[in-house]
Amino acid sequence: MPDLAYVLGHSERELERLRTQARLIEPITRGFFREAGIAPGMRVLDIGSGAGDVAFLAAELVGPTGEVLGIDRAAVAVAAATRAARERGLANVAFREGDAARMRFERPFDAVVGRYVLLYQADAGATLRALSRHLRKGGLVVFHEPDWKAARSSPATPAYDNCWRWLQERFRRAETDGNMADRLYGIFVRAGLQAPQMRMQTFIAGGAAAHPMIEALAELVGTLATTFEELGIATAAEMDVVTLATRMKQEIAAVDAMVLGRSEVCAWARV
């Protein structure tokens with residue numbers, strides 16, 4: 001069964017959006033990885049590396065005595081991540097193009113990690129089962145995934161809430177369920193892994209503290225704006241992506257609204 005489409009694509013704009021997103025959620029991923037047990041000296045396989053940000057974080061955690069190999073199916077993403085690693089002077093990170101679930105490697109890894117990967121797998125349990133074969137005995141499987149259900153403003157503000165409604169409808173049409181809080185435990189169990197440990201963290205803020213979330217949301221809508229129009233999810237006038245972030249900030253300030261963003265969920269287990 002083929003995997004689900006990565007609806008966001010791999011344009012340069014999307015790769016840059018991923019870099020911006022990575023800066024926003026890096027502290028959360030870092031906390032998840034540290035608690036799960038990613039530590040100095042480990043050999044780590046990063047799945048769906050994209051622009052390379054998760055691999056770079058893992059490389060920092062494993063240090064110069066460890067190593068990280070990032071895998072992505074998109075050649076443009078692998079090229080961008082490789083350039084970024086070279087620019088950072090990172091000697092313990094490399095990237096390859098391919099499907100890690102079907103690839104062979106010269107020796108086993110201490111951990112397999114990924115961020116926002118399993119939601120795009122048609123059979124995420126089977127994917128995890130295949131990936132776990134790359135691990136040494138006692139190795140870690142660690143995945144950080146999103147959950148969209150809680151995202152909202154209170155009191156409700158139209159622009160912010162509409163953005164999340166449009167995004168969820170786009171994922172629904174791609175038959176991609178981004179609400180991983182409900183699914184992640186079962187995915188690990190179906191993969192034949194131990195019952196995972198799990199954590200969840202949510203962005204919540206008001207006033208100026210909410211601005212980074214709002215800007216990231218507007219950029220995500222901008223990435224998908226053409227698709228939204230083509231599918232009849234939203235019109236260009238409704239989105240008005242040039243003013244979208246400003247309008248969200250103004251509406252939220254006008255009613256002193258609090259905003260909740262996408263939730264971040266992590267599960268990990270040893271093989």
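Keep in mind the model is a prediction, meaning the values are calculated, not measured.
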Is a donor on one side and an acceptor on the other found under 3.5 Å between the side chain of R152 and the backbone of A150?
yes
Would you say T243's side chain and T246's backbone share a donor-acceptor pair under 3.5 angstrom?
no
Nearest atoms (heavy-atom pairs only) where P196 meets A267:
CB-CB, 3.9 Å
Quick test of your reading of the model: are E219 and R23 salt-bridged, counting only N-O distances below 4.0 Å?
no
Taking the side chain from N92 and the backbone from A59, do they hold a donor-acceptor pair closer than 3.5 Å?
yes
For a 4.5 angstrom cut-off between non-hydrogen side-chain atoms, does E215 reach K249?
yes
So NE2 of H144 and CD1 of I25: to nearest 0.5 Å the spacing works out to 5.0 Å
Is there a donor-acceptor contact under 3.5 Å from the side chain of R247 to the main chain of M239?
yes
Backbone N or O of D177 within a donor-acceptor pair of the R183 side chain at under 3.5 Å?
yes
Do E230 and R173 meet the salt-bridge criterion of a basic N to acidic O distance under 4.0 Å?
no
Do M258 and I252 belong together in a cluster built from hydrophobic side chains that touch within less than 4.5 Å?
no
Which heavy atom in R96 sits nearest to a heavy atom in V78, and how many Å separate them?
O-CG2, 3.6 Å
N/O donor-acceptor pair under 3.5 Å between R43 side chain and P108 backbone
yes
Using only heavy-atom distances, determine whether the side chains of D161 and S153 contain a donor-acceptor pair under 3.5 Å.
yes
Considering non-hydrogen atoms only, spot the tightest contact between I47 and A100 and give its length.
CD1-CB, 3.5 Å
A side-chain contact here means heavy atoms from C-beta on lying under 4.5 Å apart; do Q168 and N179 qualify?
yes
For side chain to side chain contact (heavy atoms under 4.5 Å, CB included), just list the numbers for F143 and T127, CA-CA rounded to whole Å, side-chain angles, deciding distance to a tenth of an Å, and then say yes or no.
CA-CA 12 Å; F143 278 84; T127 297; over 6 Å; no
D182/K149 ion pair, N-O < 4.0 Å
yes
A269 versus L193, closest heavy-atom pair with distance
CB-CB, 4.5 Å
Could you please spell out the steps behind the side chain to side chain contact (heavy atoms under 4.5 Å, CB included) verdict for V142 and F33?
CA-CA 7 Å; V142 188; F33 281 11; 3.9 Å; yes
Is there a side-chain contact between W164 and L217 in this structure, where contact means two heavy atoms from C-beta onward sitting under 4.5 Å apart?
yes
Find the distance between CG (L184) and CG (D147) and round it off to the nearest 0.5 Å.
10.0 Å
Spatial distance of atom CD (E67) from atom CE (M42) [nearest 0.5 Å]
13.0 Å
In this structure, CG of L224 is separated from CD of E229 (nearest 0.5 Å) by 12.0 Å
Sole candidate of I71, L128, L135 that passes side chain to side chain contact (heavy atoms under 4.5 Å, CB included) when paired with V112
L135
Side-chain donor/acceptor of Y160 to backbone N/O of L260, under 3.5 Å
yes
M248, V241: one ILVMFWY side-chain cluster at the under-4.5 Å cut-off?
yes
Give me the atom names and distance for the closest heavy-atom approach of L244 to A218.
CD2-CA, 4.0 Å
CG-CZ distance between L220 and R170, expressed to the nearest 0.5 angstrom:
11.5 Å
Kindly determine whether F56 and V68 satisfy side chain to side chain contact (heavy atoms under 4.5 Å, CB included), including the steps that lead there.
CA-CA 8 Å; F56 300 148; V68 179; over 6 Å; no
Would you check, one step at a time, whether the test side chain to side chain contact (heavy atoms under 4.5 Å, CB included) holds for R115 with F32?
CA-CA 11 Å; R115 183 168 70 194; F32 287 157; over 6 Å; no
According to a 4.5 Å side-chain heavy-atom criterion applied to Ile, Leu, Val, Met, Phe, Trp and Tyr, with indirect links allowed, do I233 and W148 form part of one hydrophobic cluster?
yes
V62 vs I38 side-chain heavy atoms within contact, under 4.5 Å
yes
Show the nearest heavy-atom pair for residues P146 and L119, with the distance to one decimal.
CG-CD1, 3.9 Å
Value for CE (M180) from OH (Y116), rounded to nearest 0.5 Å, stands at 11.5 Å
Is there a donor-acceptor contact under 3.5 Å from the side chain of R136 to the main chain of R107?
no
Going by the angle between their ring planes, with limits at 30° and 60°, are Y120 and F171 parallel, tilted or perpendicular?
tilted
Are M200 and I204 co-members of a hydrophobic cluster defined by side-chain heavy atoms under 4.5 Å apart?
no
Taking the side chain from E145 and the backbone from L118, do they hold a donor-acceptor pair closer than 3.5 Å?
yes
